[in-house]
2 protein chains.
Amino acid sequence: MSLRHALLGLLWTKPSSGYELVGRFEGSLGNAWHASHSQIYPELARLREEGMAEVVGEGPRNSRTWAATDAGRAELRRWLTETEPNRSIRNETGVRWFVLFLLDPDDRRAVLERELAYVDEEAARLDETRTRIDADGGSAFRPVVDLGIRMDAVMQEWLREQIDATREP
Amino acid sequence: MSLRHALLGLLWTKPSSGYELVGRFEGSLGNAWHASHSQIYPELARLREEGMAEVVGEGPRNSRTWAATDAGRAELRRWLTETEPNRSIRNETGVRWFVLFLLDPDDRRAVLERELAYVDEEAARLDETRTRIDADGGSAFRPVVDLGIRMDAVMQEWLREQIDATREP
DNA sequence: GCCATCATGTAATTAGTTACATGATTAG
DNA sequence: CTAATCATGTAACTAATTACATGATGGC
């Protein structure tokens, strides 16, 4: 279960409300994991029961600010250093890019072009994130942003090559 | 639900038994999707009910060979060209690489080195796959193998840089 | 003859998605 | 004053994992 560890990581860097965590998931962990509010709220409650997260403040609109406890940080460290990673991936885009090569060139090109448009947007978003981090004087996660940028560049190049290939004999 | 489309793609390229599909999933779609036999067998039965897959032969040990039907191929094509991709990803390794930067340099390096060892193995496997495909006179999926090889190269470089960074002041 | 692997299935549990439900605050 | 967004929660359903269960075949 990566959800709790993702939440502990986010709360470690910055205490947040459940609602804010939904947004932070999209913004930073978006291309590794996804979680909706209906999963986040119950999980925060479980983390509190187990002493790994706590409510450290209350704000307007009945919002509560959560933070990781020492036990939560210890659990995240233990998970990273002592447990065997689950390598199984669930990436629909990857499945699409795989089976795509069964289509005839015209259909294939249309799909590839949509994919390229998406990756272009994604790359632009990441580039903005990088600019923002650098302007703010850095972040621990700067290296992860950099990895994302490099991966996107590889995908863009590959997609352009595959689009070109649909036009060959 | 990508499972059925992944299955249709695999069956399109080569009719197989459920048991063989488990192996083919690992071998080719492994870094995009994962499925175990307990999910594959019921899904094949559903695909048959819906006319998208059929049993085209029986072999020893009560094995049955499945193939995609015309309706199955049409459905795969429709899914690729007409439906909006679900971009949400579930990749525990990605979550780990993200939260890793909360650890102190020594712990972080230990985890990064394990990750590099894994990616090295992964890259070696993919390289074998490429060699085998080229020796066999090619495959439609050769481009996807190439993408994987490039991604692995980016990850190897990034991991080496991050390992070096744990040794800096 | 027996062990490894091939081969298929179902049941129980857990994780994740979608839908339902409601209230608070703020900007216009 | 009202619509958008902030904010939290639960219920129903679907997908996925883990565990249970069994039999066939081939190599040794």
Side-chain angles (χ1 to χ4, degrees), chain A residues 1-8 10-11 15-27 29-30 32-50 53 55-66 79 83-92 94-95, chain B residues 1-7 10-11 15-27 29-30 32-50 53-66 79 83-92 94-95:
Chain A
M1 203 196 343
S2 303
L3 173 63
R4 57 172 37 202
H5 298 105
L7 288 173
L8 288 171
L10 290 174
L11 291 179
S16 310
S17 69
Y19 186 86
E20 286 169 325
L21 286 167
V22 176
R24 293 184 63 199
F25 244 104
E26 294 307 289
L29 274 161
W33 206 265
H34 174 266
S36 57
H37 80 277
S38 64
Q39 225 189 334
I40 288 172
Y41 289 117
E43 188 63 34
L44 286 171
R46 272 190 291 272
L47 285 169
R48 182 175 51 187
E49 276 169 36
E50 296 170 44
V55 175
V56 293
E58 301 195 6
R61 294 169 170 132
N62 301 330
S63 73
R64 277 172 294 162
T65 305
W66 294 79
W79 179 69
T83 68
E84 201 54 35
N86 175 355
R87 304 289 180 182
S88 82
I89 288 176
R90 214 157 279 282
N91 175 7
E92 186 182 301
V95 174
Chain B
M1 201 193 349
S2 304
L3 173 63
R4 58 171 38 201
H5 299 105
L7 287 173
L10 290 174
L11 291 179
S16 310
S17 67
Y19 186 87
E20 286 168 326
L21 287 167
V22 176
R24 293 183 63 199
F25 243 103
E26 295 306 289
L29 275 161
W33 206 264
H34 174 267
S36 58
H37 79 277
S38 64
Q39 226 190 334
I40 289 173
Y41 290 118
E43 189 61 36
L44 286 171
R46 273 191 291 272
L47 286 169
R48 181 176 49 189
E49 275 168 38
E50 296 169 47
E54 59 186 348
V55 175
V56 293
E58 301 196 8
R61 295 168 169 133
N62 301 329
S63 73
R64 278 172 291 162
T65 305
W66 295 80
W79 179 69
T83 68
E84 200 54 35
N86 175 356
R87 304 289 180 181
S88 82
I89 288 176
R90 214 156 279 282
N91 174 5
E92 186 183 301
V95 175

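Residue numbering restarts at 1 for every chain, and letters A, B, ... go by the order of the sequence lines.
- Listed by chain and number, the residues in a side chain to side chain contact (heavy atoms under 4.5 Å, CB included) with V55(A) are R48(A), R64(A), W66(A) (sequence neighbours excluded).
- Residues I40(A) and Y19(A) are not in side-chain contact: their nearest non-hydrogen atoms beyond the backbone lie 4.5 Å or more apart.
- Taking CZ of R90(A) as the start and CG of N91(B) as the end, the distance is 11.5 Å to the nearest 0.5 Å.
- Put simply, CD1 on I89(B) is 21 Å from P on dA15(C), counting in whole angstrom units.
- Going from atom CD of E20(A) over to atom OG of S17(A) covers 3.5 Å, rounded to the nearest 0.5 Å.
- Side-chain N/O atoms of Y41(A) include one lying less than 4.0 angstrom from OP1 or OP2 on dT8(D).
- E92(B) is linked by a salt bridge (charged side-chain N to carboxylate O under 4.0 Å, His left out) to R96(B), counting only residues two or more places apart in sequence or in another chain.
- The side-chain heavy atoms of R87(B) and H34(A), taken from C-beta on, include no pair separated by under 4.5 Å.
- Contact check of residues 18-27 of chain B against DNA chain C (heavy atom, cut-off under 4.0 Å) returns G18(B), Y19(B).
- When rounded to the nearest whole Å, the span between CG of L44(B) and C1' of dG9(C) equals 12 Å.
- In this structure, OG1 on T83(B) lies 7.0 Å from NE2 on H5(B), to the nearest 0.5 angstrom.
- Here dA15(C) presents its C1' atom at 14 Å from CD1 of I40(A), a figure rounded to the nearest Å.
- Under the ring-ring contact (aromatic ring centres under 6.0 Å, His included) criterion, W33(B) pairs with no residue, sequence neighbours left out.
- One can place CD of E43(A) at 12 Å from C1' of dT14(C), the figure rounded to the nearest angstrom.
- A salt bridge links R46(B) to E43(B): at least one charged side-chain nitrogen sits closer than 4.0 Å to a carboxylate oxygen.
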I need a per-nucleotide contact map over nucleotides 23-28 of chain D, read 5' to 3'. Cutoff is protein heavy atoms under 4.0 Å; write B for the base, S for backbone only, - otherwise. -BBS--
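- What you find for Q39(A) and L3(A) is that their closest heavy atoms are NE2-CD2, 3.7 Å.
- Annotation: side chain of S16(A) is in contact with side chain of R24(A) (closest heavy-atom distance under 4.5 Å).
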Is there any protein nitrogen or oxygen under 3.5 Å from a nitrogen or oxygen in nucleotides 14-20 of chain D, and what are the pairs?
from, atom 1, to, atom 2, distance (Å)
dA16(D), OP1, R90(A), NH1, 3.2
dA16(D), OP2, Q39(B), NE2, 2.6
dA16(D), O5', Q39(B), NE2, 3.2
dA16(D), O3', R90(A), NH2, 3.1
dT17(D), OP1, R90(A), NH2, 2.8
dT17(D), OP2, R90(A), NH2, 3.3
dT18(D), O4, S38(B), OG, 2.6

